[in-house]
Amino acid sequence: MILLTLPVSCDLLGSKVPTGKPVARVGNAFLYEEDIAKLITPEMSAEDSTTLVNSYINRWATKRLLVDNAQRNITLAEQDRLNNLVEQYKLDLFSQAYKDALVARSLDSTISDAQAQQFYLENKENFKLNEALLKFRYLEMGDADYNIDEIKKRFTRFDAEDKRYLDSISVQFKAQYLNDSTWISLDKVIARIPPVTIENSAPLLNKTEFTQLRDSLGLYLIAVKDRLDRNDDAPLDYVLPTVKQILLNRRKLELIKQLEKDITKDAIKNKQFELYN
């Protein structure tokens with residue numbers, strides 16, 4: 001059985017009864033100094049605090065006056081309907097606060113990669129791409145005097161030594177992206193490379209070891225290591241955070257469902273909840 005006791009005051013479901021000096025009244029409702037004291041912070045000037053307090057008092061009074069007028073002018077049937085909605089909203093708020101506290105205290109939020117992989121494989125048909133993805137790298141260079149042939153050779157071959165070499169001269173490049181082991185959306189790739197647009201992306205960003213583009217801004221070296229298109233199966237490493245969140249949400253719902261069952265069962269056992277025929 002999963003139960004959680006929250007500390008509450010005896011008037012938690014009722015109205016708070018302020019004490020102290022009143023600063024405003026509408027009918028039988030009073031606004032007290034303690035209600036507005038929390039509005040003032042030490043860094044406020046006297047002028048700012050006065051403006052804030054006066055504005056708050058006016059809003060408080062306006063709301064109270066509107067409610068008073070509503071109670072005189074709205075039918076009793078409509079008032080009953082609204083009061084029922086308010087009561088239901090209060091019940092929902094307290095119920096949700098309790099469940100949130102339970103989840104925060106009791107939920108095991110650890111989802112292993114193995115668990116995520118198993119769920120992904122069992123539900124692979126539900127993980128389709130809604131955008132193209134690329135594993136790619138690129139360099140953008142200006143019109144400075146580069147060792148172009150050496151850079152092209154290193155960029156195309158791209159072994160461990162080549163990566164170190166390109167990193168060592170990275171200050172020469174206007175822009176670079178060399179992490180070709182991570183999937184990135186086509187839109188983000190297009191945003192990085194000015195000569196590439198939605199219209200020409202299909203031929204320019206196909207899987208290739210090397211592509212060279214040039215425009216008025218400079219020279220671009222591109223290599224597309226892999227590509228997946230819209231409606232292809234989404235790779236696990238790309239959707240892994242989503243898969244883990246799905247599993248966590250399911251675990252949370254199961255925990256809450258068990259809580260609700262336990263509370264009802266316990267209430268029946270202790271005669272707090274009875275059904276009459």
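Treat the numbers as computed from the prediction; the structure is a model and nothing was measured.
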Which residues share a ring-ring contact (aromatic ring centres under 6.0 Å, His included) with Y220, sequence neighbours left out: none
Closest approach of [X] and [Y], non-hydrogen atoms and distance?
X: A116; Y: V243; result: O-CG1, 3.5 Å
X: R227; Y: A132; result: NH2-CB, 4.2 Å
X: N200; Y: P195; result: ND2-O, 3.1 Å
X: M141; Y: F173; result: CG-CD2, 3.6 Å
X: Q176; Y: L139; result: CB-CD2, 3.6 Å
X: L248; Y: D108; result: CD1-O, 4.1 Å

In Å, rounded to the nearest 0.5 Å, how long is the span from [atom1] of [X] to [atom2] of [Y]?
X: L247; Y: K244; atom1: CG; atom2: NZ; value: 9.5 Å
X: R81; Y: I74; atom1: CZ; atom2: CD1; value: 9.0 Å
X: L228; Y: S185; atom1: CG; atom2: OG; value: 12.5 Å
X: R230; Y: L186; atom1: CZ; atom2: CG; value: 11.5 Å
X: L31; Y: Y56; atom1: CG; atom2: OH; value: 6.0 Å
X: D237; Y: Y120; atom1: CG; atom2: OH; value: 8.5 Å

Side chain to side chain donor-acceptor pair (under 3.5 Å) between D266 and T264, intermediate numbers included: CA-CA 5 Å; D266 191 59; T264 304; over 6 Å; no
Give a yes or no answer on whether the side chain of [X] reaches the backbone of [Y] with a donor-acceptor pair at less than 3.5 Å.
X: K152; Y: Q212; value: no
X: S95; Y: D92; value: no
X: D100; Y: A97; value: no
X: N270; Y: Q272; value: no
X: R214; Y: S216; value: no
X: S55; Y: L52; value: no

Does [X] come within less than 4.0 Å of [Y], counting only side-chain N to carboxylate O?
X: R251; Y: E254; answer: no
X: E150; Y: K153; answer: yes
X: K99; Y: E260; answer: yes
X: K128; Y: D233; answer: yes

In one Ile/Leu/Val/Met/Phe/Trp/Tyr side-chain cluster, 4.5 Å: [X], [Y]:
X: Y98; Y: F273; result: no
X: L121; Y: L236; result: yes
X: L253; Y: I111; result: no
X: L39; Y: M44; result: yes
X: L82; Y: L65; result: no

Give a yes or no on whether [X] atom [atom1] has more than 12 heavy-atom contacts from other residues, nucleotides or ligands under 6.0 Å away.
X: K135; atom1: NZ; value: yes
X: N28; atom1: CG; value: no
X: E209; atom1: CD; value: no
X: E274; atom1: CD; value: yes
X: R157; atom1: CZ; value: yes

Does the side chain of [X] reach to within under 4.5 Å of the side chain of [Y], using non-hydrogen atoms?
X: W60; Y: V23; answer: no
X: F119; Y: Q115; answer: no
X: F155; Y: L178; answer: yes
X: V26; Y: V67; answer: no
X: L240; Y: D113; answer: yes

Against the six-membered ring of F158, is R137 placed for a cation-pi contact (under 6.0 Å from the centre, within 45° of the normal)?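 Geometry flag: set, cation within 6.0 Å and 45°.
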Please determine whether side chain to side chain contact (heavy atoms under 4.5 Å, CB included) holds for the pair I151 and I169, giving the CA-CA distance in whole Å, both sets of side-chain angles, and the decisive distance to 0.1 Å. CA-CA 10 Å; I151 291 175; I169 62 170; 4.0 Å; yes
Test L85 against Y89 for side chain to side chain contact (heavy atoms under 4.5 Å, CB included), laying out the working first. CA-CA 6 Å; L85 288 175; Y89 183 55; over 6 Å; no
In terms of ring plane angle, is the pair Y177 and F136 parallel, tilted or perpendicular, where the classes change at 30° and 60°? parallel
Please state whether the rings of Y32 and F30 are parallel, tilted or perpendicular, taking 30° and 60° as the class boundaries.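 It falls in the tilted class, 30° to 60°.
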Please step through side chain to side chain donor-acceptor pair (under 3.5 Å) for the pair E47 and S45, ending with a clear verdict. CA-CA 5 Å; E47 182 179 356; S45 66; 5.3 Å; no
Tell me, with the steps shown, if N83 and Q79 meet side chain to side chain donor-acceptor pair (under 3.5 Å). CA-CA 6 Å; N83 283 327; Q79 289 188 45; 5.3 Å; no
Any chance you could lay out the side chain to side chain donor-acceptor pair (under 3.5 Å) test for N84 and Q88, step after step, and finish with the verdict? CA-CA 6 Å; N84 287 335; Q88 185 58 52; over 6 Å; no
If the test is side-chain contact (heavy atoms from CB on, under 4.5 Å), which one of I222, V224, D180 qualifies with Y138?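 Looking at I222, V224, D180, the match for Y138 under the side-chain contact (heavy atoms from CB on, under 4.5 Å) is I222.
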